[in-house]
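Numbering of ligands and ligand atoms starts at 1, following listing order.
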Amino acid sequence: MSTLEIRDLQVSVKLPEGELKPILAGVDLTVKSGETHAIMGPNGSGKSTLAYSIAGHPKYEITGGTVTLDGENVLDMTVDERARAGLFLAMQYPVEVPGVSVANFLRTAKTAIDGEAPKLRTWAGELRGAMEKLQMDPAFAQRNVNEGFSGGEKKRHEIMQLELLKPKMAILDETDSGLDIDALRIVSEGVNRVRETGETGLLLITHYTRILRYIKPDFVHVFVAGKIVQEGGPELAEQLEAEGYERYVGTRV
Ligand SMILES: Nc1ncnc2c1ncn2[C@@H]1O[C@H](COP(=O)(O)OP(=O)(O)O)[C@@H](O)[C@H]1O
Ligand SMILES: [Mg+2]
């Protein structure tokens with residue numbers, strides 16, 4: 001059983017001139033393994049900033065508050081220490097890694113996270129199985145990471161990592177954006193498989209409610225202007241679907 005605890009998190013983005021622009025204005029959130037949380041909010045509200053801050057992106061400066069995973073201070077860890085501690089981020093815009101094949105990338109990541117190389121015999125099967133479940137052509141394993149991948153292929157590749165790496169906590173930043181209806185279903189089924197293991201805490205960040213028709217969150221948090229302004233169960237997502245964010249916008253910190 002794992003717990004990610006975010007307390008009064010305040011974050012600024014570092015601007016090129018060296019100035020700091022405050023984005024997160026005190027975020028409180030607790031996610032336990034087996035739970036699925038949805039963070040929903042309008043564009044520019046700071047959702048990706050929250051995701052990147054937890055993952056350790058250098059563009060963001062933590063100006064207050066704490067993030068712990070099972071009591072360990074995440075904010076003191078390097079990016080790869082965070083990954084080894086069990087944190088996983090599926091990025092809104094996955095990056096290309098020229099010269100590194102999907103197969104190599106996944107094996108290297110698995111080795112780094114587990115502290116030992118996966119057994120050759122079982123690993124090949126696991127990789128093949130993960131690709132099949134996500135309806136990815138086996139030829140993908142030999143392609144360079146994200147190079148020339150379509151939007152949907154990038155997102156499937158993110159979910160393949162999630163299924164193979166089995167993190168304690170996974171943050172999925174707009175995994176639904178840019179997906180057609182079939183890809184959305186395939187990706188959602190992958191997330192639901194991870195969910196059903198009960199071993200991973202999931203934080204789904206989304207602008208739209210449509211992914212929540214496929215993945216039922218246990219908790220919904222409405223995120224506006226750098227903080228959580230309302231919390232509830234799945235019914236809150238339905239209310240947002242009907243009413244949009246309009247009633248929250250204008251909320252100033
Ligand atoms: N490099 C940057 N320079 C200036 N503003 C930025 C930069 N990066 C992010 N921001 C601002 O931070 C705010 C939050 O962005 P983001 O976390 O991406 O929001 P969301 O993911 O909810 O759409 C936005 O107003 C965005 O313009
Ligand atoms: Mg975003």
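Proximity of His207 to ligand 1, defined as any heavy-atom pair under 4.0 Å, is not found for any part of the residue. Counting heavy atoms closer than 4.0 Å to ligand 1, residue Thr49 contributes atoms from both its backbone and its side chain.
Taking the side chain as every heavy atom from C-beta outward, Leu87 and Val74 approach each other to under 4.5 Å. At a threshold of 4.5 Å between non-hydrogen side-chain atoms, the residues Thr206 and Lys47 do not count as touching. For the pair Arg84/Val79, no side-chain contact is recorded, criterion being any heavy-atom separation below 4.5 Å from C-beta on.
Regarding atom 26 (C) of ligand 1, its nearest protein heavy-atom neighbour is Lys21 NZ, 4.4 Å. Nearest protein neighbour of atom 14 (C) of ligand 1, counting heavy atoms only, is Gly44 O, 3.5 Å. The closest protein non-hydrogen atom to atom 6 (C) of ligand 1 is Val13 CG1, 3.9 Å. Annotation: atom 12 (O) of ligand 1 to nearest protein heavy atom, Ile23 CD1, 2.9 Å. For atom 19 (O) of ligand 1, the closest non-hydrogen atom of the protein is Gly46 N, 3.2 Å.
Close contacts of ligand 1 with Ser48, meaning ligand atoms under 4.0 Å from a residue heavy atom, involve 17 (O), 18 (O), 20 (P), 21 (O). Within the listing of ligand 1, atoms 3 (N), 4 (C) sit less than 4.0 angstrom from a heavy atom of Leu15. Atoms of ligand 1 lying under 4.0 Å from at least one heavy atom of Asn43, given by number and element, are 23 (O).
Note on Met169: it does not cluster hydrophobically with Ile113, by side-chain heavy-atom contacts below 4.5 Å among ILVMFWY residues.
A search for salt bridge (charged side-chain N to carboxylate O under 4.0 Å, His left out) contacts involving Glu238 returns nothing, not counting sequence neighbours. Scanning for side-chain contact (heavy atoms from CB on, under 4.5 Å) contacts around Ser12 gives Leu20, Pro22, Thr63, with sequence neighbours left out. Qualifying side-chain contact (heavy atoms from CB on, under 4.5 Å) partners for Ala55, counting only residues two or more places apart in sequence or in other chains: Leu89.
For Ser33 (side chain) and Thr200 (main-chain N/O), no donor-acceptor pair under 3.5 Å exists by modelled atom type. Side-chain atoms of Glu163 do not come within 3.5 Å of backbone N or O of Met160 as any donor-acceptor pair.
A salt bridge does not link Glu5 with Lys32: none of the charged nitrogens is closer than 4.0 Å to a carboxylate oxygen. Salt bridge Glu147/Arg143: absent, no basic N to carboxylate O contact under 4.0 Å. Using a 4.0 Å cut-off between charged side-chain N and carboxylate O, Arg128 and Glu132 make no salt bridge.
At least one heavy atom of Ser45 sits less than 4.0 Å from an atom of ligand 1. Under a 4.0 angstrom heavy-atom cut-off, Lys14 registers as lying outside contact with ligand 1. Contact annotation: Pro42 has at least one heavy atom less than 4.0 Å from an atom of ligand 1.
Looking at Tyr60 next to ligand 1, no N or O pair under 3.5 Å apart turns up.
Atom CZ of Phe223 sits about 13.5 Å away from atom CE of Met40, to the nearest 0.5 Å.
The distance cut-off of 2.8 Å around the Mg ion (ligand 2) captures these protein N, O or S atoms, sorted by chain and number: Ser48 OG, Gln92 OE1.
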